[in-house]
Amino acid sequence: MKQELEQLLRAALSRLAGSTLSQTPPVSAVVVERTREAQHGDFSSNVALRLAKAARKSPRELAAAIVAALPSNALVARAEVAGAGFINFYLTPAAYAGELESIHAHGARYGESALGARERVLVEFVSANPTGPLHVGHGRQAAYGATLANILAAVGYDVSREYYVNDAGRQMDILAVSAWVRYLELCGEELPFPENGYRGDYVRALAQDLKSAAAEASLRRPAAAVLAQLPADAPAGDKEAYIDALIARARELLGPAGFREVLELSLEAMLTDIREDLGEFGVTFDNWCSEHTLAASGAINHALAVLESQHRLYRKGGALWFRATEFGDEKDRVVVRENGQKTYFASDIAYHLNKRERGFSRLIDVLGADHHGYVARVRAGLAAMGQPPDCLEVPLIQFVSLYRGSEKIPMGKREAQFVTLRELRTEVGNDACRFFYLMRSHDQPLDFDLELAKSRSNENPVYYIQYAHARVASVMKQLAARGLAVDRAAGLAAAARLTESHEQAVLQTLTRYPEVLEQAAENRAPHALAHYLRELAHAFHTYYNAQVFIVEDAALRNARLALVLAVQQVVRNGLTLLGVSAPETM
RNA sequence: GUGCCCGUAGCUCAGGCGGAUAGAGCAUCGGCCUUCUAAGCCGAGGGUCGCAGGUUCGAGUCCUGCCGGGCACGCCA
């Protein structure tokens, strides 16, 4: 509807070009918006106000000329000049009837559009290190990324969802050695647990896995051999030096293959856990991209070669540096350390170059807010490798604080008592969990109240929306119980009977859905959809209380049922994008 | 110190490519179940949009400065 009105305005403007206007204004000047007040019509445009100065006319005068030049259209009952020079559009009943019909015709696909023009977008999200279970912060990133991807796909982007697995580097060694030490404990060895090791219970589970997998305790070594001549651990010594020495010792005692076995098994177990956790949460990926595999394929060397060919690298102090400052970063960055090791940054830019080379024109990285320093660096890297720097977008997801009522739950990785996503989902349920994560803007810190999310009351917005869906289902059951059936065609044909103010309000809200989806996609703002669904549910509940749907008059009854079924359809479509179920009963 | 995010009703937050009288939920107060699910609806009160300037026909929205809060600034991963 909105786009059609914009086209009408553009047509009017080009008719005026050469006379009233010196030239046809740019497409971006033509903006049509929903009105806030019913007395201002259904849609409104401020083009005349924007163009008045250039046209050397008063806004109202120009608006009148534009209105006079508007082609006639079946959607528009009348267009008039109002206020300072706004052009207000009043739609015909047929316009709404047509949109109602469209909802029924498109069903689950209503709201989809071609806005994205099949542009290939890679949405990378979660990408948590596989060194422990996901926590509530990852949950927010998962909900955001999955929903954003759903919405982008709905408006016509060719979307791929990816999880980047940081399975190379020291933190994997630390995980492996943590699991191994727990395994040795299980075998009956007595040795201290490293200060810098991973302490969570899941590491003990990994040790159990190791024990059942390792035939005849083949990975067991005497504690004395493990600990011989190791430096002191914290607090007396350096915990970093200690764990590195312990890793080296493990490699030495188990051999490269044995150590690799421990590492692989731990990694696989963690990834399986993460994959299942996310799967239960309704979050799936098209690709799990392994850093280790990427590095083994030569991607990092390739990226470094590209940088070298552009003369963006230099040596200083034995290390290889990238001239990031030439691309807007605050300092140059090391890509290969003095010891010959490539940095995490090197593999990061290699990964992003790889994304581009796989054919994705737009890269969206969903990251935690604490990663914001990383954005300028990676963008600099992309630019230096000849990629357009604005192809990378990084929505930063602010932190989640958990509350039980008014009491804040302390969190912190170090204390090993941080709340996992699984615990949260188990306690409040997947639906409430996803909705609560999504109802706040992602750049706003989130206070997640467990009591509220669990409450089955009017305080809880999830149920409010789901209830609207279930209520429609209930109406249909009542209908059947009275020996009646819906005649959708008859209802749509009688759409002109939907003249009550509540019916107009429901229609008006329903027809906004495609606009909401496009806006949510363009602003990367899934929460806009959550808010819209609450408004739609409100319009419906109000209507439900004000009017009886199952009336004697068959034409009116079918028209109302067609309207109410359309509400159910749009609620279901929206909830599906949010990853929230749409129940038939509550 | 430098950079990023944020500051809107008692509380939690929408509204941010400038647009007409700033909204919602919760909380508070008052109403509505013999009639399609009351997990619902209707009504009332509640605001210096952090502060000060600027840009213009028009600023919660854009610009500058300040105040306040959060986060980040490694040859860690």
Side-chain angles (χ1 to χ4, degrees), chain A residues 28 31 33 35-37 39-40 44-46 49-50 52-53 58-59 82-86 88 129 131 166 168-174 240 291 316-321 330-331 333-345 347-348 368-377 394 396 398-399 403 406 439-447 449 452 455-468 470-479 481-482 522-523 525 527-528 530-532 534-535 537-538 540-551 560-561 564 585-586:
Chain A
S28 61
V31 177
E33 295 177 322
T35 58
R36 196 168 7 208
E37 302 281 336
Q39 57 178 350
H40 296 142
S44 158
S45 178
N46 63 357
L49 289 156
R50 295 167 73 122
K53 188 174 272 185
S58 79
F86 295 100
N88 291 340
N129 286 345
T131 54
N166 292 111
R170 198 168 78 110
Q171 84 277 5
M172 286 312 303
D173 294 337
I174 296 176
E240 303 288 350
E291 179 187 10
K316 191 180 87 180
L320 191 63
W321 294 72
E330 56 190 22
K331 57 175 86 164
R333 304 290 172 178
V334 172
V335 287
V336 181
R337 275 178 267 167
E338 201 173 352
N339 65 10
Q341 292 273 312
K342 295 175 185 90
T343 60
Y344 190 77
F345 171 66
S347 86
D348 262 341
D370 53 338
H371 285 71
H372 65 74
Y374 154 110
V375 180
R377 265 176 279 169
V394 186
L396 295 168
Q398 296 292 325
F399 293 152
Y403 286 79
S406 57
M439 70 183 185
R440 296 279 107 97
S441 170
H442 65 89
D443 55 15
Q444 199 74 237
L446 176 66
D447 290 334
D449 184 346
L452 181 59
S455 76
R456 315 217 141 219
S457 74
N458 56 351
E459 297 170 37
N460 195 327
V462 190
Y463 298 112
Y464 184 79
I465 297 166
Q466 290 182 320
Y467 186 38
R471 260 186 160 173
V472 177
S474 174
V475 169
M476 302 316 287
K477 275 182 211 134
Q478 272 295 322
L479 189 72
R482 297 181 197 185
E522 285 179 331
N523 296 338
H527 73 279
H531 283 270
Y532 165 80
R534 188 149 63 175
E535 284 177 50
H538 179 250
F540 169 75
H541 287 310
T542 299
Y543 178 36
Y544 180 95
N545 276 272
Q547 299 288 333
V548 177
F549 308 148
I550 304 175
V551 292
R560 288 182 172 170
L561 293 173
V564 149
T585 59
M586 291 183 74

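Reckoned from all heavy atoms, side chains included, excluding hydrogens, waters and symmetry mates. Labels below follow one simple rule: chain letters A, B, ... track the order of the sequence lines, proteins then strands, and each chain is numbered from 1.
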Does the protein touch nucleotides 72-77 of chain B at the base, only the backbone, or not at all? Give it as B, S and - per nucleotide, heavy atoms under 4.0 Å. SSSBSB
Listed pairs, N/O of protein and of nucleotides 57-62 of chain B, under 3.5 Å:
residue : atom : partner : partner atom : Å
B:rC57  : OP1  : A:K53   : NZ           : 3.0

Listing for RNA chain B: consecutive Watson-Crick or G-U pair runs of at least 3, distance cutoff 3.5 Å, ranges ordered by first number, gives B:1-7 with B:67-73, B:10-13 with B:23-26, B:28-32 with B:40-44, B:50-54 with B:62-66
Suppose we screen for side chain to side chain contact (heavy atoms under 4.5 Å, CB included). Which residues come up paired with A:E535, at least two apart in sequence or across chains? A:R512
Just the rounded figure in Å: distance from P of B:rA24 to NE2 of A:H527. 17 Å
Does A:Y464 stack onto the base of B:rA39, taking stacking as ring centres under 5.5 Å apart and planes under 30° apart? no
Rounded to the nearest angstrom, tell me the gap between atom CG in A:D447 and atom P in B:rU12. 7 Å
Please identify each residue that fulfils side-chain hydrogen bond (donor to acceptor under 3.5 Å, both in side chains) with A:Y403, with sequence neighbours left out. none
Ranking A:V548 and A:E37 by the position along RNA chain B of their nearest nucleotide, the one closer to 5' is A:E37
Checking A:N523 now: which residues fulfil side chain to side chain contact (heavy atoms under 4.5 Å, CB included) with it, not counting sequence neighbours? A:Q519, A:A525
Work out how far the C1' atom of B:rU56 is from that of B:rG46, and round it to whole angstrom. 33 Å
So does A:P445 get a backbone contact from the side chain of A:R440, meaning a donor-acceptor N/O pair under 3.5 Å? no
Taking atom C1' in both B:rG7 and B:rG16, what distance in whole Å separates the two? 14 Å
Describe the nucleic acid contact of A:N88 in one word from base, sugar-phosphate, nothing, applying a heavy-atom distance below 4.0 Å. base
With sugar-phosphate meaning primed atoms plus P, OP1 and OP2, does A:H541 contact a base, only sugar-phosphate, or nothing at under 4.0 Å between heavy atoms? sugar-phosphate
Side chain of A:R471 only, heavy atoms from C-beta on: which candidate in B:rU21, B:rA38, B:rC13 is closest? B:rA38
List for me each residue that meets side-chain hydrogen bond (donor to acceptor under 3.5 Å, both in side chains) alongside A:N545, sequence neighbours excluded, and say none if there are none. none
Give the rounded distance in Å between these two atoms: CD of A:E522 and C1' of B:rG16. 15 Å
With under 30° as parallel and over 60° as perpendicular, where do the rings of A:Y464 and A:H538 fit, or are they tilted in between? parallel
Using the C1' atom as the reference point in each nucleotide, state the distance between B:rG60 and B:rC6 in Å, no decimals. 14 Å
Those residues at least two apart in sequence (or on a different chain) that pass side chain to side chain contact (heavy atoms under 4.5 Å, CB included) with A:D348 are A:Y164, A:Y344, A:Y374
Separation of the P atoms in B:rU34 and B:rC29, to the nearest angstrom: 24 Å
Would you mind reading off the distance between A:Q444 atom CD and B:rG7 atom C1', rounded to a whole angstrom? 9 Å
Looking across every strand, which nucleic acid part, if any, lies under 4.0 Å from A:T35 by heavy atom: base, sugar-phosphate, or nothing? nothing
In whole angstroms, the gap separating C1' of B:rU21 from CZ of A:F86 amounts to 13 Å
With sequence neighbours left out, the residues meeting side-chain hydrogen bond (donor to acceptor under 3.5 Å, both in side chains) with A:H541 are A:R471
Rounded off to whole Å, could you give me the CD-to-P distance for the A:E535 and B:rG15 pair? 11 Å
Look at the rings of A:H527 and A:H531 and say which category their plane angle falls in: under 30° parallel, 30 to 60° tilted, over 60° perpendicular. perpendicular
Could you measure between the two P atoms, the one in B:rU28 and the one in B:rC11, and give it in whole Å? 15 Å
Which nucleotide in B:rC36, B:rU12, B:rC41 has an atom nearest any side-chain atom of A:I550: B:rC36
Over how many whole Å does the gap from A:M439 atom CE to B:rG23 atom P extend? 22 Å
Residues in side chain to side chain contact (heavy atoms under 4.5 Å, CB included) with A:V375, at least two apart? A:R379, A:V394
If the C1' atom of B:rC42 is compared with that of B:rC5, how far apart are they to the nearest Å? 40 Å
Mind telling me if B:rC33 is syn or anti? Syn here is a glycosidic angle within 90° of 0. syn
Between A:A537 and A:A468 the two heavy atoms that sit nearest each other are CB-CB, 4.0 Å
May I ask you to say what A:S441 touches in the nucleic acid, namely base, sugar-phosphate or nothing, with a heavy-atom cut-off under 4.0 Å? sugar-phosphate
Go through it in stages, so that I can follow the logic: the residues are A:Q171 and A:T131, the test is side-chain hydrogen bond (donor to acceptor under 3.5 Å, both in side chains), and I'd like the CA-CA distance, side-chain angles, deciding distance and then a yes or no. CA-CA 7 Å; A:Q171 84 277 5; A:T131 54; over 6 Å; no
Please state the P separation for the pair B:rU48 and B:rA39 - nearest whole angstrom. 37 Å
Could you list the residues that satisfy side-chain hydrogen bond (donor to acceptor under 3.5 Å, both in side chains) with A:N88, not counting sequence neighbours? A:S44
RNA chain B nearest-nucleotide lookup for A:L479 and A:T542: closer to the 5′ end is A:L479
Between P on B:rC36 and NZ on A:K477, what's the gap in Å once rounded to a whole number? 14 Å
P spacing across the pair B:rG45 / B:rG30, given as an integer number of angstrom: 15 Å
Using the salt bridge (charged side-chain N to carboxylate O under 4.0 Å, His left out) criterion, which residues pair with A:R333? Sequence neighbours excluded. A:D329
